[in-house]
Enquirer: 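Sending over a structure as structure tokens; questions will come in a sec.
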Number of protein chains: 4
Amino acid sequence: MARVRSEEKRLAILAAATGIIVEAGLPATRTAAIAKAAGVAEGTLFVYFKTKDELVNQLYLSIKQELAAVMITTADNSLSMEAKFRHYWCKYVCWGVENHSKKLAMDQLMVSAALLPEVKEQANVPFAEVANYVAGCIEAGLLKSLPVDYVLGVFAAMAEMTINYVLQQKVAVEEYQQTGFDLLWDAVAKR
Amino acid sequence: MARVRSEEKRLAILAAATGIIVEAGLPATRTAAIAKAAGVAEGTLFVYFKTKDELVNQLYLSIKQELAAVMITTADNSLSMEAKFRHYWCKYVCWGVENHSKKLAMDQLMVSAALLPEVKEQANVPFAEVANYVAGCIEAGLLKSLPVDYVLGVFAAMAEMTINYVLQQKVAVEEYQQTGFDLLWDAVAKR
Amino acid sequence: MARVRSEEKRLAILAAATGIIVEAGLPATRTAAIAKAAGVAEGTLFVYFKTKDELVNQLYLSIKQELAAVMITTADNSLSMEAKFRHYWCKYVCWGVENHSKKLAMDQLMVSAALLPEVKEQANVPFAEVANYVAGCIEAGLLKSLPVDYVLGVFAAMAEMTINYVLQQKVAVEEYQQTGFDLLWDAVAKR
Amino acid sequence: MARVRSEEKRLAILAAATGIIVEAGLPATRTAAIAKAAGVAEGTLFVYFKTKDELVNQLYLSIKQELAAVMITTADNSLSMEAKFRHYWCKYVCWGVENHSKKLAMDQLMVSAALLPEVKEQANVPFAEVANYVAGCIEAGLLKSLPVDYVLGVFAAMAEMTINYVLQQKVAVEEYQQTGFDLLWDAVAKR
DNA sequence: CATGAATGAGACTTCATTCAT
DNA sequence: CATGAATGAAGTCTCATTCAT
């Protein structure tokens with residue numbers, strides 16, 4: 001990390017980057033445009049992020065961490081297994097719908113060659129709790145006997161798809177959050 | 001008469017582009033590199049595609065059309081409804097696993113700002129038959145009462161996810177083709 | 001000169017070049033555009049003119065020769081000295097107004113680095129008669145004692161300027177042909 | 001504070017462009033060559049001029065403004081009408097002879113398709129005073145009753161021609177400055 | 001000879017990054 | 001640290017010319 005002076009500026013740059021990536025796509029996102037949108041000089045951006053690639057990686061991390069926080073820190077341990085599953089699902093979908101830009105920026109970042117594999121891994125660390133929880137559900141016979149990663153994949157794929165559907169069709173999030181969960185549950189729950 | 005434009009060269013360029021996009025990512029894919037890999041001069045690329053963006057759009061179209069052809073032209077009309085659903089699924093997943101490069105290139109193309117909305121739409125035309133079929137299944141009470149687009153979304157999301165899983169985990173496609181379909185069917189079939 | 005087959009095609013190319021040079025300017029005039037406008041294939045242009053530069057030089061020559069022909073071959077030897085001077089002037093101005101495109105193309109060609117000095121000289125040969133005539137007028141005391149080239153320069157400058165004025169102001173050529181000649185005569189005639 | 005944009009560099013670029021345009025012609029003038037001759041990096045040229053075309057237009061403007069300044073700011077209001085006319089003439093011709101490069105560059109710029117009509121117009125604004133003065137001379141009966149624009153056209157055509165003659169024949173400017181003015185005066189003055 | 005696909009040098013311009021102020 | 005002018009490598013695309021058909 002570069003010499004950091006103002007966390008506020010760092011966040012402004014990340015936020016500006018998010019917006020421009022969504023509007024223009026990552027390859028067409030110029031550091032100059034990010035700087036301008038963040039209200040800092042072109043050179044200042046490089047005080048906070050050594051390179052554009054570092055900015056991309058940091059942005060990825062920050063968004064993933066935010067999502068993890070939303071899903072996990074709000075989880076109530078007193079919930080039943082299915083209720084917790086539903087909790088994770090709802091938080092994911094709602095976050096995506098409410099943070100449209102961050103979600104779309106993620107879509108860009110995930111296919112970027114600039115994204116380092118180690119950062120990708122690091123970004124998954126906060127989700128370990130979800131993975132553990134799913135593993136528990138499988139062990140408990142609540143979910144089908146499948147690899148944890150596959151179940152997580154189904155979970156994420158359905159969530160992403162549902163977010164996209166809600167945003168594109170401009171339907172109410174509540175309805176498809178419910179419907180989507182029903183499909184997901186039917187898919188993965190042991191009968 | 002002068003030399004005639006060769007479809008062979010056009011395809012060589014598209015194939016070369018696919019490979020390089022997968023290796024380097026779309027933004028880092030240089031027209032010079034594509035031309036060289038296709039075995040033509042740099043200028044020749046622009047004889048076949050006016051701009052790099054047009055090449056990108058044509059590549060998107062060609063891959064989508066190939067997938068549609070694989071799914072649809074092989075479908076047997078004598079199949080039962082569920083069997084046809086399974087047929088579509090298997091063809092999709094197998095095509096993705098066998099055409100790893102094209103699948104990964106698509107992932108890049110789909111988030112590209114160069115991809116024109118009209119081309120995106122055009123690429124969906126050949127899939128109309130699948131959509132009609134799904135609508136029929138819903139009407140027949142075989143599938144849950146959901147919007148056709150949502151079911152198609154679930155179908156595609158699960159298929160893409162399964163392809164990725166097979167490729168990343170290097171497991172046998174047959175197993176997850178089967179497993180994946182079971183999940184999908186449990187998710188969307190009316191009980 | 002290249003292998004010539006059809007004089008008709010050669011002239012079509014020169015005519016097409018004239019038009020496009022006027023519309024787009026010489027640097028923006030593409031050989032492909034000339035060929036298309038002339039109704040021949042791109043390669044055919046190079047059968048008639050080895051290079052674009054040769055085409056430019058030939059075009060310059062052909063226009064200058066046409067102007068010379070118009071001025072000189074129509075001159076009546078029975079005319080008085082002043083009348084002949086006026087004849088040359090009128091023919092020049094009228095030709096320019098009636099052959100707007102050729103005149104404007106000349107303006108482009110004359111400042112082109114592609115125009116060879118030897119061709120420039122060669123283009124002046126047909127005008128020798130005018131120069132001789134002017135020399136005679138000076139010797140005869142009709143015109144001021146000035147270098148022939150300077151008088152010719154004044155003649156050409158005034159003619160070009162008058163042509164431009166008529167074309168830009170869209171006034172009648174007859175009026176300024178007359179007015180212009182009066183100015184020219186007052187300028188160069190010995191009082 | 002960062003480095004400040006230097007007028008010096010801007011002028012160096014314009015001067016370098018002038019020289020290369022004269023040597024090579026406008027179409028063969030490369031931005032890389034201009035930058036090198038100006039002693040700046042290739043990219044720097046585009047800090048001062050967004051495009052090559054803008055550079056061309058700015059150069060045209062700057063030369064025209066310099067000529068206007070030379071002609072007008074040195075004019076003495078106590079001069080008689082004819083003397084002022086002579087003053088304008090002499091300044092024009094001398095400027096052209098002394099600033100050979102700028103004069104030749106202008107010849108290239110004037111026929112360039114890159115030159116915007118609005119810039120052409122803007123370049124004429126500083127010459128309004130000359131036009132007004134000529135109008136006054138006509139009204140006062142000193143000059144023939146002709147449109148102001150036509151008289152200005154004759155003036156410019158004769159001046160340009162005289163400059164060219166002096167430069168090509170390598171004769172003394174003083175002589176033809178005088179001779180030229182006499183011709184011009186005989187041409188436009190009322191007898 | 002006529003055609004137009006093929007060529008590749010080279011043009012203009014962009015943009016991440018540096019560094020003088 | 002903040003600024004934004006300066007940099008120059010590198011990218012896309014053009015176009016005069018060649019040459020297979």
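So that the names make sense, note that chain A is the first sequence line, chain B the second, and so on, each numbered from 1. Values below: all heavy atoms of this structure, side chains included; hydrogens, waters and symmetry mates excluded.
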Enquirer: More 5' along DNA chain F: D:Ser6 or C:Ala28, using each one's nearest nucleotide?
Expert: D:Ser6
Enquirer: Using 0.5 Å steps for rounding, measure from the CG atom of D:Leu115 to the OH atom of D:Tyr60.
Expert: 5.5 Å
Enquirer: On DNA chain E, compare the nucleotides closest to D:Arg30 and B:Gly43; which residue's is nearer the 5' end?
Expert: B:Gly43
Enquirer: Mark yes or no for whether C:Asn57, through its side chain, and C:Leu116, through its backbone, hold a donor-acceptor pair below 3.5 Å.
Expert: yes
Enquirer: Return the value, rounded to whole Å, for the distance between atom CD of C:Glu54 and atom P of F:dT17.
Expert: 10 Å
Enquirer: How many Å lie between CD1 on A:Ile13 and P on F:dA2, as a whole number?
Expert: 9 Å
Enquirer: Could you check if a side-chain atom of C:Arg10 sits within less than 4.5 angstrom of a side-chain atom of C:Ile13, using non-hydrogen atoms only?
Expert: no
Enquirer: Roughly how many Å is it from CD in D:Glu7 to P in F:dA5, rounded to a whole number?
Expert: 14 Å
Enquirer: State, with a plain yes or no, whether a side-chain heavy atom of D:Thr18 is found less than 4.5 Å away from one of D:Leu104.
Expert: no
Enquirer: Determine: side-chain N/O of A:Tyr48 to OP1/OP2 of F:dA2, distance under 4.0 Å, yes or no.
Expert: yes
Enquirer: Under 4.0 Å, heavy atoms only, any strand: does D:Phe49 hit a base, just the sugar-phosphate, or nothing?
Expert: nothing
Enquirer: Send over the distance from C:Phe46 CZ to E:dG4 P, rounded to a whole Å.
Expert: 15 Å
Enquirer: What is the distance, to the nearest angstrom, from the CZ atom on D:Arg3 to the C1' atom on F:dA5?
Expert: 5 Å
Enquirer: Could you tell me whether the phosphate oxygens of E:dA16, OP1 or OP2, come under 4.0 Å of any side-chain nitrogen or oxygen in A:Thr31?
Expert: yes
Enquirer: As an exercise, state the distance from CZ of C:Phe49 to CD of C:Gln58, rounded to the nearest 0.5 Å.
Expert: 6.0 Å
Enquirer: Reckon C:Lys9 touches a base, only the sugar-phosphate, or nothing at all at heavy-atom distances under 4.0 Å?
Expert: sugar-phosphate
Enquirer: With DNA chain F as reference, determine whether B:Glu42 or C:Pro27 sits nearer its 5' end, using the nearest nucleotide of each.
Expert: B:Glu42
Enquirer: How does DNA chain F look in dot-bracket notation if pairs are Watson-Crick or G-U with both distances under 3.5 Å, crossing ones as [ ], other-strand ones as |?
Expert: .||||||||||||||||||||
Enquirer: Donor-acceptor pairs are to be reported for all side-chain atoms of residues 25-36 of chain D against protein atoms at under 3.5 Å, with residues two or more places apart or in another chain.
Expert:
from: D:Thr29; atom 1: OG1; to: D:Gly25; atom 2: O; distance (Å): 2.8
from: D:Arg30; atom 1: NH1; to: D:Pro27; atom 2: O; distance (Å): 3.0

Enquirer: Can you check the B:Leu55 CG to F:dT12 P distance for me, whole Å?
Expert: 11 Å
Enquirer: Just the rounded figure in Å: distance from C1' of E:dC12 to NZ of D:Lys36.
Expert: 18 Å
Enquirer: Find which nucleotide of DNA chain E each of A:Lys52 and D:Val4 is nearest to by heavy atoms, and output the residue with the more 5' nucleotide.
Expert: A:Lys52
Enquirer: Find the distance D:Ile34:CD1 to E:dA11:P and express it as a whole number of Å.
Expert: 12 Å
Enquirer: Please check if the number of heavy atoms outside D:Glu7 that lie under 6.0 Å from its CD is greater than 12.
Expert: yes
